[in-house]
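This report refers to the structure that appears directly beneath it.
Throughout, a chain's letter reflects where its sequence line sits, starting with A, and its residues are numbered from 1.
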There are 2 protein chains.
Amino acid sequence: MVVDELSDSEIDNIFHALADATRRDIFKQAMSREQSVSELARRYAMSFAAVQKHVAVLERAMLITKEKRGREQIVHSNPELLRRATELLDAYQDIWRGRTERIEEILFEPEREVES
Amino acid sequence: MVVDELSDSEIDNIFHALADATRRDIFKQAMSREQSVSELARRYAMSFAAVQKHVAVLERAMLITKEKRGREQIVHSNPELLRRATELLDAYQDIWRGRTERIEEILFEPEREVES
DNA sequence: GTAATCTACAACCAAATGGTTGTAGATGAA
DNA sequence: TTCATCTACAACCATTTGGTTGTAGATTAC
């Protein structure tokens with residue numbers, strides 16, 4: 001069962017964060033091992049500041065968190081949020097399968113409504 | 001088992017397409033029932049051209065396809081690609097669980113490499 | 001103390017995004 | 001035929017994105 005619902009903009013942030021190959025790689029790195037930002041930055045052919053921004057995007061999406069340790073910031077992954085993203089996609093698959101009853105609990109959103 | 005691999009930019013397109021609440025809703029609509037673009041457009045408080053662009057983003061991501069029927073374009077969903085996106089996220093979860101053997105077949109990417 | 005390292009953040013820039021209006025071509029209905 | 005509908009697409013605009021360089025503050029190493 002789902003603990004609590006993600007808002008539209010939180011979901012936006014999650015998928016946006018995953019829509020960049022560098023960020024996906026950073027996330028993968030963070031999932032496999034906790035590392036400092038500068039340690040991560042050394043792996044990519046771009047400036048430290050650019051990597052810092054990618055990390056910030058992942059952090060805004062709550063896919064990772066940072067923990068200050070001395071002069072370093074250690075990047076931790078948040079597998080719980082990833083699991084919820086997976087559930088979201090599963091819910092779309094359920095729609096296709098016509099299993100609307102499970103959708104209601106997983107992907108409940110008030111009707112996106114319009115004109116008349 | 002995975003049929004064939006998605007490229008980085010294809011994955012970029014998929015997650016980018018899902019990173020917008022209107023597009024997620026259009027996709028959900030298309031999953032539940034095939035509809036024309038104008039029929040979809042009537043549901044949202046924005047111009048037809050704006051919805052047309054959202055549909056184009058979903059189409060570029062291959063999450064949907066369009067089929068011309070008379071003067072209408074019917075939007076079909078592509079659940080296969082959604083399934084692959086789900087597998088991608090599952091692979092990240094596997095990384096976290098330390099199950100690297102399954103990652104190799106699901107998420108194989110040549111090492112993203114850099115300086116020396 | 002001094003120097004090196006790690007981080008934060010501002011300023012800047014080109015390109016992409018997400019919306020708009022307007023025009024025009026195809027198709028269907030009367 | 002004529003009119004309405006559906007679609008495509010161009011042009012435009014404000015904002016965001018994804019990169020850069022540069023400056024400055026904390027912390028660690030020597």
| said: Keeping Q73(B) on the side-chain end and V37(B) on the backbone end, is there a donor-acceptor pair under 3.5 Å? | reply: no
Between the protein and nucleotides 18-21 of chain D, are there any N/O to N/O pairs under 3.5 Å, and if so, what are the atom names and distances?
unit_1, atom_1, unit_2, atom_2, d
dG18(D), OP2, R23(A), NH1, 3.0
dG19(D), OP2, H54(A), NE2, 2.1
dG19(D), N7, K53(A), NZ, 3.1
dG19(D), O6, K53(A), NZ, 2.2
dT20(D), OP1, S47(A), N, 3.4
dT20(D), OP2, S47(A), N, 2.9
dT20(D), OP2, S47(A), OG, 2.6

Task: Expected output: side-chain S9(B) to main-chain D12(B) donor-acceptor under 3.5 Å - done: no
I74(B) CD1 to dT5(D) C1', in whole Å, measures 14 Å
query = Taking R23(B) for the side chain and H54(B) for the main chain, is one N or O donor matched with an acceptor at less than 3.5 Å?
reply = no
When rounded to whole Å, the CD to P distance for the pair Q73(A) and dA26(D) reads 14 Å
Q | Donor-acceptor contact below 3.5 Å, side chain R69(A) vs main chain I74(A) | A | no
For A21(A), is there any backbone N or O sitting under 3.5 Å from a side-chain donor or acceptor partner on D8(B)?
no
ask   = Judged by atom type as modelled, is there a donor-acceptor pair below 3.5 Å linking the side chain of E10(A) to the main-chain atoms of S7(A)?
value = yes
Check your understanding: OP1 or OP2 of dT7(C) sitting under 4.0 Å from any side-chain N/O of Q52(A)?
Key -> no
In numerical order, the residues of residues 59-71 of chain B whose heavy atoms come under 4.0 Å of DNA chain D are K66(B), R71(B)
| message | Any carboxylate oxygen within less than 4.0 angstrom of a Lys/Arg side-chain nitrogen, looking at R83(A) and E80(A)? | response | yes
note: L58(B), atom CG; dT17(C), atom C1'; distance rounded to Å ~ 14 Å
**Asked** Can a salt bridge be assigned to the pair E39(A) and R33(A) using a cut-off of 4.0 Å between side-chain N and carboxylate O?
**Response** yes
note: D12(B), atom CG; dA15(C), atom C1'; distance rounded to Å ~ 15 Å
